[in-house]
Amino acid sequence: MREVPDKVSLDGLEDRFDARWTAEGTYAFDRTAERADVYSIDTPPPTVSGSLHVGHVFSYTHTDVVARFQRMRGKRVFYPMGWDDNGLPTERRVQNYYGVRCDPSLPYVEGYEPPLQGAEGKSVKAADQQPISRKNFVELCERLTAEDEKQFEALWRHLGLSVDWTRTYQTIGQDAQAVAQTAFLRNLARGEAYTAEAPGLWDVTFQTAVAQAELEARDYPGHFHKVSFHAPDGTPVQIETTRPELLPACVALIAHPDDERYQHLFGTTVTSPLFGVEVPVLAHPAAEPDKGAGIAMCCTFGDLTDVQWWRELQLPTRSVLNRDGRLTRETPEWITSEAGVAMFAEMAGKTTFSARTAVVDALRASGDLDGEPVATQRKTNFFEKGDKPLEIVTSRQWYIRNGGRDAELNAQLLARGSELGFHPDFMRVRYENWVGGLNGDWLISRQRFFGVPIPVWYPVDAEGQPVWDSPIVPDEASLPIDPSSDVPAGYTAEQRGQAGGFVGDPDIMDTWATSSLTPQIAGGWLSDPDLFARVFPMNLRPQGQDIIRTWLFSTVVRSHLEHGSLPWSDAAISGWILDPDRKKMSKSKGNVVTPMGLLEEHGSDAVRYWAASARLGTDAAFEVGQMKIGRRLAIKILNASKFALSFAGEGEIRLDPAAVTVPLDRAMLAGLADVVDAATEALAAYDHTRALELSETFFWTFCDDYLELVKDRAYGGGDAEVSAETLSARTALALALDTMLRLFAPVLPFATEEVWSWWRDGSVHTAPWPVAAPLRAAAGTEARLDELTAAGNALAALRKIKSEAKVSMRTPILLAEVAVPAASLAAVEQAIGDIRGAGRVTGELTIREASEGEGSVDVQGGIVVVRSELGEPEARKPKA
RNA sequence: GGGCCUGUAGCUCAGCUGGUUAGAGCGCCACGCUUACACCGUGGACGUCGGGGGUUCGAGUCCCUCCGGGCCCA
């Protein structure tokens with residue numbers, strides 16, 4: 001045995017053990033392990049440019065508990081960490097942090113230094129941002145994310161994540177780019193990726209297309225306008241619209257097929273006011289009879305219903321909106337009337353807002369506006385990161401098939417969902433609802449700068465027009481490439497943009513198009529096939545419930561298409577952190593706590609305890625109180641361990657089960673054996689909360705009852721000769737300690753490692769997970785935890801008389817008569833020596849069976865002291 | 001409008017496939033510095049299990065309905 005410190009402490013354990021674990025490679029992955037012996041985790045790569053919050057600490061702790069449990073069970077745990085530095089959040093942050101913006105038309109500047117450094121938190125106005133080249137911009141992105149990564153790693157290490165820090169990746173890294181581009185090109189080769197000229201959601205602020213998964217519906221104020229169209233005979237047909245500026249883009253009026261009011265109009269045409277364009281009146285079930293007038297104007301495109309009508313009724317495309325959110329400058333060809341042309345001239349080039357004013361004024365003047373516009377709130381689609389309503393514009397974009405327009409693929413993906421183990425299981429419904437409700441393929445083109453480029457070029461024909469339908473693809477061996485600077489085989493750089501030459505695809509891929517490949521990136525799909533075979537398909541994907549439809553689903557899609565399998569067997573879904581007002585914690589609400597400060601204040605074990613106390617899938621309150629309880633538990637483990645180890649004196653700690661001969665000791669071990677079984681079962685089922693609760697409850701019983709009861713016997717009166725009874729107690733204490741340290745190790749890695757270091761070699765985290773069998777063997781077949789409970793109750797009953805007499809627990813009991821329910825009688829009598837010692841009964845102690853009505857089961861198991869006499873406390877000995 | 005989760009002591013939560021007087025911790029009250037621990041110990045008080053119906057010999061646990069939170073999708 002090494003040394004037990006005189007004064008135990010949790011302080012400083014995080015740094016000390018992080019250094020040791022790193023030096024000793026405690027969490028290093030053994031890459032010689034076969035797949036069957038591996039437990040692999042597809043760790044969520046945090047968005048490094050986002051800020052760290054307690055939600056991260058919360059959910060990553062859940063994963064770490066799983067990792068540590070599996071490691072102790074003998075699995076070779078593959079637990080890498082990635083950094084998601086891809087995409088828009090980084091771009092935005094770089095703009096503000098360095099005061100720059102990307103202008104792809106500018107040339108690269110060697111040794112560029114940005115105007116600002118660390119302008120955190122403020123947003124720099126676009127006009128004040130210095131325009132720089134794409135390459136310079138990307139370099140700044142990389143510079144900033146490198147700093148973020150350091151901070152993140154420091155936090156994770158401090159928290160005690162048992163990540164193999166030699167295995168990190170970046171979603172923008174070269175390898176990740178190669179994986180993303182390779183996977184894309186294979187999708188393309190198999191016909192799973194394609195381009196299409198199609199209406200899509202467009203964010204005018206960010207100037208990018210937006211996918212279905214990135215939508216967010218918000219209430220947005222608008223006005224209903226009652227506008228009259230005219231039948232050939234002059235009869236007005238009144239519609240209601242919130243977007244009168246799209247009147248020139250109108251292609252039809254549509255009502256529900258069953259709507260009595262419009263039966264006579266179906267199949268006829270009407271003429272639009274102001275513009276004089278003749279449009280058909282059509283029937284479609286998506287028209288809502290009780291909404292407005294029940295007849296709607298269908299435009300190119302006001303909302304997604306317009307798109308549906310356009311597609312299903314084969315309506316013409318009459319687009320008047322540009323990607324910059326302004327109306328086109330040229331008068332559309334379908335507007336031919338003199339008045340219409342004049343009207344459009346008034347709107348041309350204006351924002352939708354100004355154009356609307358112009359149209360409304362004109363309608364009012366022409367008498368085609370009935371009444372004044374009525375204010376309304378309506379759900380409008382927004383880009384989740386944007387603040388202007390999305391427009392729908394037609395453009396050429398890349399798509400990956402995801403079952404959104406293919407019933408067979410959809411069914412296959414639903415089947416994958418049913419193969420996947422969701423924890424908790426009800427989260428599966430979110431997957432099924434999402435997949436079942438898809439209405440289009442996955443749009444992956446993004447008109448951004450910082451991301452993985454779409455790795456294709458297009459030939460330019462003799463007229464100088466790109467030939468979109470026959471993209472030029474690179475060799476996989478040459479990946480990653482950037483088509484905006486790399487030149488396709490068979491061409492020269494001078495041919496870029498020239499007739500007979502080529503152009504590169506200007507877009508990058510959606511973040512999810514890369515993130516959906518994290519198992520492949522982390523597992524070395526391309527760079528290390530040997531490793532990949534040992535870790536893929538992985539065991540676990542931990543993540544939040546909000547991104548089941550995006551991250552989880554898209555990863556399933558990619559794996560299904562590329563590997564014909566699930567990417568992992570199980571998904572662990574963590575809940576949200578709620579603030580004390582039951583609100584989701586978020587930065588905008590200003591209720592976010594800095595995680596590092598939290599860890600430093602309470603200690604990592606304490607914060608981990610709080611996190612581990614919440615079940616998967618369940619929202620948890622941010623509760624400092626719970627952390628304090630965790631801290632108390634960790635300290636208690638240190639102290640109880642110090643105590644248990646102190647009895648051995650200078651000798652070695654014995655763990656020989658055969659030495660446990662006293663019934664009370666056996667009863668304790670029998671209870672512990674049950675805890676081991678139940679906790680193991682719970683952890684194997686991803687229920688860390690139950691495992692912790694069982695271990696914790698047992699531990700407190702161990703401290704309050706068992707430890708108190710055997711104290712005297714374990715001391716052995718200080719005799720040099722150790723009796724069998726004393727040896728039994730000491731051995732049982734050591735066995736229990738040895739087991740409990742392992743049980744707590746996944747949740748409290750620091751405190752348990754500290755104790756382990758006092759008397760064992762190596763790390764508790766690579767020690768085998770405890771099993772019940774040896775404890776049961778030591779306990780024998782007769783022993784039951786009830787015996788310890790009964791003895792503990794008897795002790796509590798004796799203490800109660802002291803507590804009620806308001807005297808110190810040191811007070812001796814000169815005489816006591818204790819009534820014990822029949823069921824507990826034998827156990828109490830058996831442990832009478834220990835009870836007498838712990839209760840300081842110096843005189844006569846009578847135990848008898850309780851009679852009817854004596855005692856209550858709720859209080860000390862029905863054990864009551866019916867007669868007693870207290871002595872004077874002995875004089876206190878001066879402290880050594 | 002559809003879906004999922006949730007409502008148990010002042011607070012945070014356990015209560016498995018329905019079975020005797022509903023549990024834990026925190027907080028609270030009283031007491032105690034007992035040679036592991038005052039970041040402690042001992043004892044105590046505290047609940048018509050959101051409301052209302054129903055099924056059942058029996059419901060916190062199953063069904064219906066209403067109310068309140070949270071999230072997702074329309």
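Only a predicted model underlies this, so the values are computations on that prediction, with no experimental measurement involved. As a basis for the values below, the full set of heavy atoms in this structure was taken, side chains included, without hydrogen atoms, waters or symmetry mates. Proteins get letters first, then strands, A, B, ... in listed order; numbering begins at 1 in each.
Separating the CD atom of Glu696(A) from the P atom of rA14(B) is a distance of 14 Å, rounded to the nearest angstrom. Between the CH2 atom of Trp576(A) and the C1' atom of rU6(B) there is a distance of 16 Å, rounded to whole Å. Atom CD1 of Ile548(A) and atom C1' of rC73(B) are 13 Å apart (whole Å). Whole-Å rounding puts the Leu438(A) CG to rC73(B) P distance at 12 Å. Rounded to whole angstrom, the span from the OH atom of Tyr431(A) across to the P atom of rC71(B) amounts to 25 Å. The distance between atom NZ of Lys806(A) and atom C1' of rU34(B), rounded to the nearest whole Å, is 19 Å. The CD atom of Glu693(A) sits 9 Å away from the C1' atom of rC13(B) (whole-angstrom rounding). As rounded to whole Å, 13 Å separates atom P of rA14(B) from atom CG of Leu692(A).
Rounded to whole Å, the C1' atom of rG23(B) lies 13 Å from the corresponding atom of rC46(B). As rounded to the nearest Å, rU20(B) and rG3(B) have C1' atoms that lie 39 Å from one another. Comparing the same atom, P, in rG2(B) and in rG19(B) gives a spacing of 33 Å after rounding to whole Å. Between rC62(B) and rC16(B), the two C1' atoms lie 15 Å apart (nearest whole Å). Rounded to a whole angstrom, the distance from the P atom of rA24(B) to that of rG15(B) is 15 Å.
Taking every side-chain heavy atom of Lys711(A) into account, rA36(B) is the closest of rA36(B), rG70(B), rA14(B). For Arg430(A), taking side-chain heavy atoms from C-beta onward, the closest of the listed nucleotides rA14(B), rA36(B), rG70(B) is rG70(B). Closest approach to the Arg799(A) side chain among rU42(B), rG3(B), rG70(B) is made by rU42(B) (side chain taken as heavy atoms from C-beta onward).
Remark: side-chain polar atoms of Ser803(A) are not paired, donor with acceptor, to backbone N or O of Lys800(A) under 3.5 angstrom. Within the 3.5 Å criterion, the main-chain N or O of Val722(A) finds no donor-acceptor partner in the side chain of Thr726(A).
The residues Asp11(A) and Arg631(A) are annotated as salt-bridged, a charged nitrogen and a carboxylate oxygen being separated by less than 4.0 angstrom. Ion pairing of Arg16(A) with Glu753(A) is absent here, as no side-chain N (NZ or NE/NH1/NH2) approaches a carboxylate O to less than 4.0 Å.
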Checklist entry - Going through the distances and angles, do Trp610(A) and Phe58(A) end up as a ring pair (Phe, Tyr, Trp, His ring centres under 6.0 Å)? => result CA-CA 8 Å; Trp610(A) 160 72; Phe58(A) 179 72; 5.5 Å; yes
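Positionally, the nearest nucleotide of RNA chain B for Asp704(A) lies more toward the 5' end than for the other of Asp704(A) and Gln545(A). Taking for each of Ile635(A) and Ala640(A) the nucleotide of RNA chain B with the nearest heavy atom, the 5'-most of the two is the partner of Ala640(A).
A close approach under 4.0 Å does not occur between any side-chain nitrogen or oxygen of Lys802(A) and OP1 or OP2 of rG41(B).
The nearest pair of heavy atoms linking Ser574(A) to Leu616(A) is OG-CD2, 3.9 Å.
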Identify the pairs formed between an N or O of the protein and an N or O of nucleotides 17-25 of chain B at a distance under 3.5 Å, and give each distance.
none

